Amino acid sequence: METNWKWVLMTRSCYLTCVLPVICVLLLHVELTAQEAESRSHDFRSEIFGGVGWARYWADEDHRGDGIDLTGGFAYFPTSRLGFEIEVDGGPHSRDFGGASPVRFEGSSLYLSGNILYRFSTSATQFYVAGGGGLLYSRTETRFPEQEIFESEDTGLAWDVGVGANLFVGTNFSLRPEFRLVVAAESDQPIVSGTSIRVALAYHP
């Protein structure tokens with residue numbers, strides 16, 4: 001049986017010019033629909049979070065100590081990208097200087113802040129940046145071998161910046177790893193600056 005090459009070529013041409021583009025459009029539509037559904041399911045407008053991390057503090061260009069950083073707060077997003085956050089974080093810290101004349105630094109801090117958040121997407125992995133300010137309470141003690149103790153305590157203004165992400169583990173829950181820098185507005189406060197790395201669990205009603 002002789003092959004009708006003209007018919008074969010016409011069939012292939014029809015497939016390439018008609019059927020294949022339709023399949024590509026359908027696949028693209030399915031992908032966009034899936035992405036839209038995923039984005040919509042993680043386009044939360046509020047969250048409540050609490051977590052723990054590790055912080056390091058400085059004063060007068062000296063490393064004053066490390067310690068646990070506890071954090072908690074809530075956020076509200078009036079739009080899909082821009083939000084506002086109220087947060088409280090802080091904890092104790094300490095540092096020991098060994099040698100012939102050991103010195104110990106001890107202290108604690110508590111920071112109440114209000115921040116503006118901007119998230120770069122509404123997908124299941126949402127990176128964000130944060131910035132704002134608030135009130136920083138800090139207390140430090142310096143203990144010398146002769147049992148001398150110098151104490152300092154103050155409350156003042158501070159500002160902060162941070163970067164983080166919401167990593168969704170379900171429809172209403174996400175892990176919230178974050179790096180945050182806090183700097184006191186006045187250089188004579190007991191704690192001048194602090195950095196923290198923490199992970200929070202967030203609930204999105």
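Please read all numbers here as calculations on a predicted model, not as lab measurements.
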For the residue pair Glu87 and Thr71, confirm or rule out a side-chain donor-acceptor distance under 3.5 Å.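 Checked: Glu87/Thr71 side chains pair up, N/O donor to acceptor below 3.5 Å.
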Flag for Ser193-Tyr57: side-chain donor and acceptor within less than 3.5 Å: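 Looking only at side-chain atoms, Ser193 and Tyr57 do not form any donor-acceptor pair under 3.5 Å.
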Examine distances only and state if a side-chain atom of [X] and a backbone atom of [Y] form a donor-acceptor pair shorter than 3.5 Å.
X      : Y      : answer
Asp89  : Leu70  : no
Asn172 : His204 : yes
Asn115 : Gly132 : yes
Arg45  : Pro78  : yes

Answer yes or no on whether Arg64 is positioned over the face of Phe105, meaning its NZ or CZ is under 6.0 Å from the six-membered ring centre and within 45° of the axis.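 Verdict for Phe105: a cation-pi partner in Arg64.
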Before giving the answer on ring-ring contact (aromatic ring centres under 6.0 Å, His included), spell out for Phe74 and Tyr76 the whole-Å C-alpha distance, their side-chain angles and the decisive distance to 0.1 Å. CA-CA 7 Å; Phe74 65 91; Tyr76 174 71; 9.4 Å; no
Across all chains, not counting sequence neighbours, the salt bridge (charged side-chain N to carboxylate O under 4.0 Å, His left out) partners of Arg95 are none
CG of Leu201: more than 12 outside heavy atoms within 6.0 angstrom?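 Enclosed.
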Look at the aromatic rings of Phe44 and Phe77 and report parallel, tilted or perpendicular, splitting at 30° and 60°.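 Perpendicular: the ring planes of Phe44 and Phe77 meet at over 60°.
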So if you build clusters from Ile, Leu, Val, Met, Phe, Trp, Tyr with side-chain heavy-atom gaps below 4.5 Å, do Val129 and Ile197 land together?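 Yes, it is one cluster - the side chains of Val129 and Ile197 are joined through contacts under 4.5 Å.
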Apply the test salt bridge (Lys or Arg N to Asp or Glu O under 4.0 Å) to residues Glu141 and Arg104: give CA-CA distance (whole Å), side-chain angles for both, the deciding distance (0.1 Å), then the verdict. CA-CA 8 Å; Glu141 293 182 359; Arg104 179 175 175 81; over 6 Å; no
What I want to find out is whether [X] reaches [Y] closely enough, with some N-O distance under 4.0 Å, to be called a salt bridge.
X      : Y      : answer
Arg176 : Glu47  : yes
Asp43  : Arg119 : yes
Asp154 : Arg139 : no

Please find the pair of heavy atoms, one from Ala202 and one from Asn166, that lie closest to each other, and give the distance.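 What the structure gives for the nearest pair is CB-ND2, 4.3 Å.
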Among residues at least two apart in sequence or on other chains, which ones pass side-chain contact (heavy atoms from CB on, under 4.5 Å) with Leu135? Leu157
